[in-house]
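Atoms considered below: every heavy atom in the structure, side chains included; atoms not considered: hydrogens, waters and symmetry mates. Naming convention: chains lettered A, B, ... in sequence-line order (proteins, then strands); numbering from 1 in each chain.
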Protein chains: 2
Amino acid sequence: MKETARMIDVARAAKVGLTTVSRVLNEPKSVSEETRQRVMRAIAEIGYVPNLVAGSLASRRTNVVAAMVPTIGNPVFSETIESMSDEFREEGFHLLLGRTGEDESETESLISTFLARRPDALFIHGSKMPAAAHAMLQRAAIPVVESGDLSRAEGAVDMVVAYSNFAAAKAMTSHLLSRGHRKIAFVGRETRLNDRAQERQRGYSAALKEARIPVRSELILDLMLGYQEGAQALLHLRAVEPDLDAIFFAGDVWAAGALYECQRQGWRVPTDIAIAGFDDHIVAAQTVPPLTTVRVRRGEIGRRAAQLLLSRLRGDEVVEKIINVGFEIIERESA
Amino acid sequence: MKETARMIDVARAAKVGLTTVSRVLNEPKSVSEETRQRVMRAIAEIGYVPNLVAGSLASRRTNVVAAMVPTIGNPVFSETIESMSDEFREEGFHLLLGRTGEDESETESLISTFLARRPDALFIHGSKMPAAAHAMLQRAAIPVVESGDLSRAEGAVDMVVAYSNFAAAKAMTSHLLSRGHRKIAFVGRETRLNDRAQERQRGYSAALKEARIPVRSELILDLMLGYQEGAQALLHLRAVEPDLDAIFFAGDVWAAGALYECQRQGWRVPTDIAIAGFDDHIVAAQTVPPLTTVRVRRGEIGRRAAQLLLSRLRGDEVVEKIINVGFEIIERESA
DNA sequence: AGACAATATGGTAGCGCTTCCATTCCGATG
DNA sequence: CATCGGAATGGAAGCGCTACCATATTGTCT
């Protein structure tokens, strides 16, 4: 096995200096057309593949962006990652991907190992930033975008691209109230670990309080996400409160699962019970009846985050450090 | 802004040699407990973050694995990536993620820029490997796992972890035939770009031929994936062939969309028409009626791929270079 | 006591690039 | 014709580590 070719090998083959080869690769216009051609030919002949590890060490730039999400598998996050990845790729950046699993100590250790790779920028979608992690990022002095919930804007390390889970959940709950529903249940995720879920629940409660409707803890459920879990939640809540008007599921997957259960039970939606979701998952438009839900443009989060980071990497002064991508209530037929 | 601390700064602070600091970080047991403590304390005080870029250059190992998928957003792929990421993380490897978009030239350029980052191993899920890319990977001399379809095993760069789309589709079609269906339509993806889709269609045709049933091209559809598209396909196919018995959708999302359309139309499944899917998407168990489908363990692909790559990185001789993770027909009620 | 391992530590030469500083060579300028 | 400025190129000093080799110190066996 021959050793991999180095830049110096290309230089010798093309009978130019090392510096010239580097220039051909990094700033082609500073080299005469003739030498450029000669160098390119040598590169092709030798089959030279540049070593960006060495390049990064010398230039102190890696052209790598670290991205961290709670789980890679969740479409909500992978949509964000995908559009971010596309945006960065055009500018020659690659994505180092990690998952935190909503876990603080995991987040912390992941950030620290990521920083050792000297990414030029970092994106993190997650719950509250551990204090140690905050300090590390600050010291690293690279552009950072946090996402997850707009409330993160206070005390943020650097920049934030997000929406308000509180406002979104409150808006949906108010919408249900405006439709005349009064006994409204709420299904969300484990609120201990997850401040987005917490905010949604707060939004629900706030809307009820504003309407002077007591918040009943037995109508609030904390569950894992899943179709099955949605169906079970429906049955459970109807057992607890037979007069239940509506259920606000803070996730379309639960809501879709509940709609299936309604079909199995022969309950009419929204006449017997109204169902609302969250996320505008692609299934939401197709369920029977179509699901009323909250839309958040996940791709937009990734895109804006990338743009913010890129402009900072270009050295531009970023004035708007907090971007609220907002949300939208999608009124369909289920509520 | 102070400069970031280097290893030599830690060494001076702890009054030890540079080498010793390196040892504390890389092979702690080769250092006496006392010095180790002293070094660790210095690291904490200074807030030293190792520079893996420099480390990688010197050691010629990056502890990075490059992973490429057609699209990041598709749960089918992100599930594979997630389990692969978990498997690698335990061993201290990070994932560099890219998407190819099923495009050959994109794949080629992505591979070449990825290789410049000197990953220790590479995973690629996609269609046929472009010849140039094949050559580059061969020259790079790193362990590679290809996935997508088992047929890739012939002429593979290195290792393959996959299942047979042909066999899976054929098995499902045979299952429909065994249930007495005779007029069976097939819905798949654009087969030009995507050899997995091609293989599935071949499997469908092969099963029909074996049963001496003519393959009718008007009963074969090439579509984009989507709930909506599934519903439309159903309507279209029933218009083309009113006596249609069954539809085999090579993707659960289409199938679920079709099931919704059946509800809207009041058609009974599987009495009026049988519906089969592919993927065992989490929605499949919950639809009304539950969807008969093909299950492929996507997480398993990621896990096995990671294990294969890891054992090669450890220097073990890998005997089984081709791993067939297989598939499973999940019989539910829709067919 | 002498010989030899084993253990613990340090010095230093690269790893393959980028970047700074020279240097050379030209045509343009007065 | 001497002077200058820009374009094109090359030399060499790091970037911050790891890995190899050397050295010092201790314990172990005969």
Protein N or O to nucleotides 23-28 of chain C N or O, pairs below 3.5 Å:
none

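- Checking D:dC17, C:dT9, C:dC17 against the side-chain heavy atoms of B:Leu18 singles out D:dC17 as nearest.
- For B:Arg118 and C:dG16, a side-chain-to-base donor-acceptor distance below 3.5 Å is absent, hydrogens and geometry of angles not being considered.
- The backbone N or O of A:Ser127 lies less than 3.5 Å from a partner atom in the side chain of A:Arg152, making a donor-acceptor pair.
- At least one side-chain heavy atom of B:Leu309 sits under 4.5 Å from a side-chain heavy atom of B:Met159.
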Quiz item: Checking side-chain hydrogen bond (donor to acceptor under 3.5 Å, both in side chains) for the pair B:Thr80/B:Arg297: CA distance, chi angles, key distance, verdict?
Solution: CA-CA 9 Å; B:Thr80 303; B:Arg297 298 175 59 200; over 6 Å; no
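- Nearer to the 5' terminus of DNA chain D, by closest-nucleotide assignment, is the contact made by A:Gly17 (compared with the other of B:Arg61 and A:Gly17).
- Inspection of the B:Arg89 and A:Ser109 side chains reveals an N or O donor paired with an N or O acceptor under 3.5 Å.
- At whole-Å resolution of the value, CZ in A:Arg60 and C1' in C:dC17 are 14 Å apart.
- More than 12 heavy-atom neighbours from other residues, nucleotides or ligands sit within 6.0 angstrom of CE on B:Met136.
- Remark on DNA chain C: of its neighbouring residues A:Leu52 and B:Thr35, the 5'-side contact belongs to B:Thr35, judged by nearest-heavy-atom nucleotide.
- Among D:dC20, C:dC17, C:dC21, the nucleotide with an atom closest to any side-chain atom of A:Ala54 is C:dC17.
- C:dG14 atom P lies 20 Å from atom CE of A:Met7, rounded to whole Å.
- Taking only side-chain atoms of A:Val31, from C-beta outward, the nucleotide of D:dT18, C:dG16, D:dT9 with the closest atom is D:dT9.
- Within the 4.0 Å cut-off from OP1 or OP2 of D:dG10, at least one side-chain nitrogen or oxygen of A:Thr20 is found.
- Of the side-chain N and O atoms in B:Asn26, one or more sit less than 4.0 angstrom from OP1 or OP2 of D:dT18.
- Considering only heavy atoms from C-beta on, B:Asp120 stays 4.5 Å or farther from B:Val64 through its side chain.
- To the nearest angstrom, P of D:dC15 lies 11 Å from CG of B:Asp9.
- In this structure, the helix from C:dA1-D:dT30 to C:dG30-D:dC1 shows an angle of 40° between the axis at its start and the axis at its end, each fitted on 5 base pairs and rounded to 10°.
- Within 4.0 Å (heavy atoms only), A:Val16 reaches sugar-phosphate atoms of the nucleic acid but no base atom.
- The phosphate of C:dA8 (OP1 or OP2) has no side-chain N or O of B:Ser30 nearer than 4.0 angstrom.
- For the pair B:Lys15 and B:Leu57, nearest-nucleotide mapping onto DNA chain C gives the more 5' position to B:Lys15.
- The side chain of A:Ala58 lies closest to C:dG16 when the candidates are D:dG10, C:dG16, C:dT9.
- Atom-to-atom, CD1 of A:Ile8 to P of C:dT18 comes out at 13 Å; the value is rounded to the nearest Å.
- The backbone N or O of B:Ser22 sits less than 3.5 Å from a side-chain atom of B:Asn26, completing a donor-acceptor pair.
- Considering only side-chain N and O atoms, B:Thr19 lies nowhere under 4.0 angstrom from the phosphate OP1 or OP2 of C:dT9.
- Side-chain contact between B:Val69 and B:Ile72 is present, with at least one heavy-atom pair separated by less than 4.5 Å.
- Counting all heavy atoms, side chain and backbone alike, A:Ile323 lies closest to A:Leu308 at CD1-CD1, 3.7 Å.
- Residue B:Tyr48 contributes atom OH, which lies 10 Å from atom P of D:dG16 at whole-angstrom precision.
- B:Ser22 has a side-chain polar atom (N or O) that falls below the 4.0 Å cut-off from OP1 or OP2 of D:dT18.
- What separates CZ of A:Arg6 from P of C:dC15 is a distance of 7 Å, to the nearest Å.
- Across the protein-nucleic acid pair, B:Glu34 atom CD and C:dA8 atom P stand 12 Å apart, rounded to whole Å.
- Side-chain N or O atoms of B:Arg60 include none that pairs as donor or acceptor with a backbone N or O of B:Leu57 at under 3.5 Å.
- A:Arg23 places its CZ atom 13 Å from the P atom of D:dA7, with the value rounded to the nearest Å.
- Residues A:Phe114 and B:His94 bring their aromatic ring centres within 6.0 Å.
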